[in-house]
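This report refers to the structure that appears directly beneath it.
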Amino acid sequence: MIPLPQLRRQIRQLLDEAVSSGEELGCQLAVYLDGEQILDEWAGWADPGRTRKVEADTVFPVFSTGKGFAVTALLRLIEQGRLHLEDRVADLWPEFGCNGKEELKVWHILSHRTGLFETPPCTEAELIDRDIMQQRIAEAVPAWKPGTRARYQAITFSWLVPGVAERATGKEFRSIVREEVAAPLGIEPLLFYGTTDDAERRRAVLVRGNDLPPVKPEEKSLLSPLENAITYETVRRACLPGFNCHTTARAIAKHYAALLGTAKGVPPLLSRAMLDRATTLTRAADDPVPLVPGTWELFGLGYVLSGPKDDLGRIFGHGGYGGSEGIADKKTGLAVGYTSNSLHANPRTRNRIYELLDLHSRDW
């Protein structure tokens, strides 16, 4: 990595140019190195009318990037012995044990191996009703025998992970994440699975970037394109950890620094043994999934794995629709959080930042 003073100048220039060129409307970047925050930058506008500047505490919709916090909360419960990776979900959640899901285990949920990747049909009112949607997931028929194959649980994660966590603890999932992740890190004002009045005032509004085609009215539905769901305040305020997290780059980066065990003044969120297990590829003996980067199927226990081909999992984290991301590098000690309210098919600004940070080795 280039010297820190030079890096800071180049990052500042990069963000300012991305905003002035229109590539980004607004964005944030936070980076930790060996537990020390070395970058904390933001630029641009929080709304398309350019009436509110992005600030350090502007909360961005980060879609699946928010899954990382939820995964960490569940892994902490496992380390506490409140549930176990090999537990059958049906033993925690009896209604779940039907239609071929009787032997489905907790680790299958974390590794996206449930076969439950299709979102049940729902209205706006049903989508935000935890009881209704958890019931529909419990009654669903998996696409294949759980544990034998991976396919990304983009939306259904919102009911699978809370479903087991809540039954193991008797607590609502937002409370679990607050107690297990947000409070220990001191990021409670920066992390929301369901916005508050304060978060609504501080939130960044999404726009589609120039590299995404306009959406035709006849093609729009509640969850397609995904950002459409975030236009509903009821959806923003619900607890849907698969896709509706609102947070900041600071919170994302601090979370991953704490997973590495290097965040100053913060105890490690997970033991090194659990982190190593969670960043090891989960594969069944006859797993048909190829080792191909960029497929969103290279999962450990909830985290997406990357890094050099001979050290898969050295770099891990979770990205989100449109370009936000949180990642960490176990070898270099880097932890990065990036947010943007311009949705991109190719997040060029973020990728240029990674080049400056020497994180390009995440690609094969």
Side-chain angles (χ1 to χ4, degrees), residues 1-47 50-60 62 65 185-187 190 202 204 207 209-211 247-260 262-266 306-308 314-317 319-320 322-363:
M1 193 167 65
I2 61 180
L4 188 54
Q6 180 183 348
L7 176 65
R8 286 173 174 153
R9 288 194 300 271
Q10 289 187 263
I11 290 290
R12 184 70 258 167
Q13 181 180 356
L14 174 59
L15 297 184
D16 288 342
E17 288 178 352
V19 170
S20 63
S21 70
E23 184 174 324
E24 298 288 8
L25 176 62
C27 54
Q28 299 167 326
L29 171 70
V31 179
Y32 282 74
L33 177 63
D34 295 330
E36 297 283 357
Q37 190 173 36
I38 61 169
L39 289 170
D40 187 21
E41 302 286 348
W42 54 91
W45 303 92
D47 63 315
R50 302 194 172 207
T51 63
R52 293 185 294 120
K53 288 186 176 181
V54 170
E55 304 291 349
D57 65 348
T58 301
V59 292
F60 284 71
V62 297
T65 298
L185 297 182
I187 58 172
L190 305 177
R202 290 190 282 122
V207 297
N210 295 331
D211 59 341
T247 190
T248 68
R250 280 182 176 178
I252 296 168
K254 191 171 187 179
H255 165 244
Y256 283 101
L259 284 175
L260 292 177
T262 59
K264 303 301 183 185
V266 178
S306 190
R314 189 191 102 184
I315 297 174
F316 68 96
S324 67
E325 191 165 56
I327 59 172
D329 187 326
K330 291 191 286 185
K331 182 176 180 179
T332 65
L334 277 170
V336 182
Y338 183 75
T339 63
S340 167
N341 57 343
S342 295
L343 299 169
H344 297 290
N346 177 19
R348 290 185 293 271
T349 299
R350 189 196 75 194
N351 292 342
R352 288 196 292 269
I353 289 167
Y354 288 171
E355 290 174 4
L356 290 172
L357 294 172
D358 198 24
L359 273 168
H360 56 274
S361 60
R362 62 200 302 268
D363 299 319

Q: Determine, step by step, whether Val31 and Leu357 satisfy the side chain to side chain contact (heavy atoms under 4.5 Å, CB included) criterion, reporting the C-alpha distance in whole Å, the side-chain angles of both residues, the deciding distance to 0.1 Å, and the verdict.
A: CA-CA 9 Å; Val31 179; Leu357 294 172; 4.1 Å; yes
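- For the atom pair OG1 (Thr248) and CD (Glu55), the distance works out to 12.5 Å, reported to the nearest 0.5 Å.
- Contact between Ala251 and Ile187 at its shortest, heavy atoms only, is CB-CD1, 3.9 Å.
- In this structure, Leu260 and Asp329 approach most closely via the heavy-atom pair CD1-O, 3.9 Å.
- The number of heavy-atom neighbours closer than 6.0 Å to CG of Asn210, taken from other residues, nucleotides and ligands shown, is 12 or below.
- Between Thr51 and Trp45, the shortest heavy-atom contact is N-CE3, 4.1 Å.
- What you find for Asp34 and Thr332 is that their closest heavy atoms are OD1-O, 3.7 Å.
- Taking CD1 of Ile11 as the reference point, atom CG of Asp40 lies at 12.5 Å (rounded to 0.5 Å).
- Ion pairing between Arg352 and Glu23 holds under the 4.0 Å rule for side-chain N and carboxylate O.
- Nearest heavy-atom pair, Gly337 versus Ala249, reported as atom, atom and distance to 0.1 Å: O-CB, 3.4 Å.
- Note that CD1 of Ile327 is 11.5 Å distant from CD1 of Ile252, once rounded to the nearest 0.5 Å.
- Arg348 contributes atom CZ, which lies 12.5 Å from atom CD of Glu355 (distance to the nearest 0.5 angstrom).
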Q. Should Gln28 and Glu41 be marked as a side chain to side chain contact (heavy atoms under 4.5 Å, CB included) after you check the CA-CA gap, both sets of side-chain angles, and the distance that decides it?
A. CA-CA 6 Å; Gln28 299 167 326; Glu41 302 286 348; over 6 Å; no
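- Looking at residues two or more places apart in sequence or on another chain, you find a side chain to side chain contact (heavy atoms under 4.5 Å, CB included) between Arg52 and Ala46, Asp47, Val205.
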Q | Chi angles and distances behind the side chain to side chain contact (heavy atoms under 4.5 Å, CB included) call for Lys264, Gln37 | A | CA-CA 9 Å; Lys264 303 301 183 185; Gln37 190 173 36; over 6 Å; no
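- Put simply, OG1 on Thr58 and CZ on Arg250 are 10.5 Å apart, with the number rounded to the nearest 0.5 Å.
- In this model, a donor atom of one side chain and an acceptor atom of the other lie less than 3.5 Å apart for Thr65 and Ser324.
- Between the OH atom of Tyr338 and the CZ atom of Phe60 there is a distance of 8.5 Å, given to the nearest 0.5 Å.
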**Q.** Derivation and outcome, side chain to side chain contact (heavy atoms under 4.5 Å, CB included), residues Phe316 and Lys330
**A.** CA-CA 8 Å; Phe316 68 96; Lys330 291 191 286 185; 3.8 Å; yes
